[in-house]
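First up is the structure itself, then whatever we jot down about it.
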Amino acid sequence: MIKALQIEKENVTRFHSIEASALGEGQVRVCVRHVGLCGSDLNTFKGLNPLVQLPRIPGHEIGGEILAAGPGVDPAYRPGRRVIVMPYTNCGRCSSCRKGRLNACRYNKTLGVQQDGGLAEEIVLPAEKLILNDTLQPRHLALVEPLSVGFHAVDRSRLVAGETVAVLGCGMIGMGVIIGAVARGARVIAIDPSEEKRNLALKFGAWRALPAGGEELVRAVNELTEDDGVDVAFEAVGLPATFTQAIELAGFAGRVVYVGYSKAPVTYQTQFFNLKELDIMGSRNATSGDFRAVVAHLETIGDDADRLISKVFPFEDAEQALPYWDGNRDILKIIIERT
């Protein structure tokens with residue numbers, strides 16, 4: 001038996017003893033060392049995640065250490081090596097998979113969402129879903145997945161050096177967009193109601209940081225861009241107001257990338273789609289290439305990545321983590337650490 005944290009019902013988390021999974025062909029048993037909590041985990045805790053059926057073990061931002069490998073696994077996956085988990089599944093048959101866009105698989109089951117996740121002492125996964133890494137600090141392994149989602153959005157945008165972008169939302173996904181866009185040589189306008197998050201965005205290379213707002217924000221962005229608007233507007237909040245505001249901030253012949261998703265209907269003035277001839281794109285999950293790009297970036301910045309971690313809970317105190325976040329919504333990232 002192993003110990004796992006379960007969201008039993010709305011606003012209730014509790015440790016349970018569960019059966020350890022058998023180790024099959026092509027699979028690896030991983031000792032879970034670090035798990036990052038995501039906004040989707042908080043929504044599950046609050047009963048607001050329509051993709052989740054409770055009870056559920058949360059956790060899809062996972063760093064760990066190999067305990068054992070099953071038959072048919074590459075010898076490189078040996079005990080003691082550290083790994084980053086890619087928490088998505090892909091069927092290989094749907095139209096997305098046939099086009100090579102495995103991150104958008106129609107039948108994806110993300111760990112901690114459509115299936116039990118990694119907030120447990122150990123987990124068994126296919127070797128192909130693990131990225132070996134013995135160079136990053138162990139705690140930083142749990143930062144790779146959320147940052148990769150932001151890097152994937154940047155890749156979707158076809159961003160090139162010298163372009164100006166607006167990022168609506170400076171949570172962890174938005175920070176991934178900001179870091180990825182800065183790495184490509186863009187001028188980034190970071191937008192968030194939290195002064196703390198805006199200041200963090202500036203520390204990670206944002207050109208300007210603005211508070212969220214209505215027409216005042218649009219005017220401020222237009223002033224910064226000499227009335228051109230931005231080349232790319234990224235939405236990383238998931239509210240109807242920011243969905244429509246992304247269209248307003250994008251310049252003529254600009255692009256809009258939606259990373260968040262609104263749980264409420266969104267009403268548009270659709271003439272701007274045509275008048276501006278906008279390219280409007282969705283962005284989902286991340287690819288192995290995005291993961292490796294984030295790893296390479298984190299290896300260059302070293303200890304600066306610690307700025308992205310707001311609070312660390314020991315594994316034995318994990319029952320307190322989601323209630324704590326629910327009462328402190330302004331924080332960026334909680335990590336559960338098992339030593």
Side-chain angles (χ1 to χ4, degrees), residues 38-40 103-104 143 145-194 197-198 200-214 217-218 220-222 224-225 228-263 266 268 272-273 276-287 289-290 293-294 297 308 332-333:
C38 173
S40 65
N103 59 291
L143 298 176
E145 192 277 339
L147 293 176
S148 296
V149 175
F151 270 52
H152 182 70
V154 172
D155 196 55
R156 287 280 289 149
S157 76
R158 308 186 303 274
L159 186 65
V160 297
E163 291 189 307
T164 301
V165 308
V167 181
L168 287 155
C170 298
M172 197 63 181
I173 304 303
M175 285 302 304
V177 176
I178 291 165
I179 293 168
V182 168
R184 290 202 181 193
R187 296 194 310 173
V188 176
I189 302 170
I191 300 162
D192 198 278
S194 165
K197 290 179 181 176
R198 294 197 303 271
L200 185 63
L202 291 170
K203 289 175 182 176
F204 278 93
W207 173 54
R208 296 288 189 273
L210 300 173
L217 173 63
V218 176
V221 170
N222 284 339
L224 289 172
T225 60
D228 279 345
V230 297
D231 298 294
V232 190
F234 294 92
E235 198 286 339
V237 179
L239 293 174
T242 46
F243 262 64
T244 56
Q245 195 158 60
I247 301 296
E248 296 180 82
L249 296 179
F252 278 67
R255 286 104 71 200
V256 175
V257 181
Y258 289 124
V259 198
Y261 67 90
S262 174
K263 300 166 190 66
V266 180
Y268 287 99
F272 294 117
F273 298 179
K276 292 184 177 182
E277 199 174 50
L278 297 174
D279 293 343
I280 301 174
M281 290 163 274
S283 183
R284 183 184 182 193
N285 297 336
T287 67
D290 300 317
V294 169
H297 188 81
L308 297 169
L332 185 65
K333 177 59 59 181

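- Atom CZ of R208 and atom CD1 of I189 lie 8.5 Å apart (nearest 0.5 Å).
- Atoms NZ and CE, on K203 and M175 in that order, are 10.5 Å from each other to the nearest 0.5 Å.
- Between V188 and the options V230, I178, V177, V232, a side chain to side chain contact (heavy atoms under 4.5 Å, CB included) holds for only I178.
- Counting heavy atoms from C-beta on, the side chains of H297 and L147 never come closer than 4.5 Å.
- Here the closest non-hydrogen pair linking A206 and V182 is N-CG2, 4.2 Å.
- The two residues G171 and D192 make their nearest non-hydrogen contact at N-OD2, 4.2 Å.
- Smallest separation of non-hydrogen atoms from V149 and A286: N-CB, 4.0 Å.
- Among residue pairs with one or both ends in residues 239-251, those qualifying as side chain to side chain donor-acceptor pair (under 3.5 Å) are E235-T242; sequence neighbours excluded.
- Counting only heavy atoms from C-beta outward, the side chains of D231 and R255 approach each other to under 4.5 Å.
- With rounding to the nearest 0.5 angstrom, the CZ atom of R187 is 8.0 Å from the CG atom of L224.
- Closest non-hydrogen pair, P146 versus I173, comes out as O-CD1, 3.4 Å.
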Assess the residue pair V165 and F234 against the criterion (side-chain contact (heavy atoms from CB on, under 4.5 Å)); give the C-alpha distance rounded to whole Å, side-chain angles, the decisive distance to 0.1 Å, and a yes or no.
CA-CA 8 Å; V165 308; F234 294 92; 4.0 Å; yes

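- The aromatic rings of Y258 and F243 lie parallel to each other, their planes meeting at an angle below 30°, with 60° marking the opposite boundary.
- Looking at R184 and D155, a side-chain N of the basic residue comes within less than 4.0 Å of a carboxylate O on the acidic one, giving a salt bridge.
- Under the 4.5 Å side-chain criterion, counting only non-hydrogen atoms from C-beta, L143 is not in contact with V294.
- Contact detail for A153 and V259: the closest heavy-atom pair is CB-CG2, 3.6 Å.
- Within the 3.5 Å criterion, the main-chain N or O of G282 finds a donor-acceptor partner in the side chain of R156.
- Of all the heavy atoms in S283 and V257, the pair that sits closest is CB-CG1, 3.9 Å.
- In this structure, CG on N103 lies 11.0 Å from OG on S148, to the nearest 0.5 angstrom.
- At a threshold of 4.5 Å between non-hydrogen side-chain atoms, the residues L200 and C170 do not count as touching.
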How far apart are the C-alpha atoms of L249 and L168, what are their side-chain angles, what is the distance that settles it, and do they pass the side-chain contact (heavy atoms from CB on, under 4.5 Å) test?
CA-CA 10 Å; L249 296 179; L168 287 155; 4.1 Å; yes

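- Separating the NZ atom in K197 from the CG atom in L202 is a distance of 14.5 Å, to the nearest 0.5 Å.
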Check the pair H152, N285 against side-chain contact (heavy atoms from CB on, under 4.5 Å), reporting the backbone distance first and the verdict last.
CA-CA 7 Å; H152 182 70; N285 297 336; over 6 Å; no

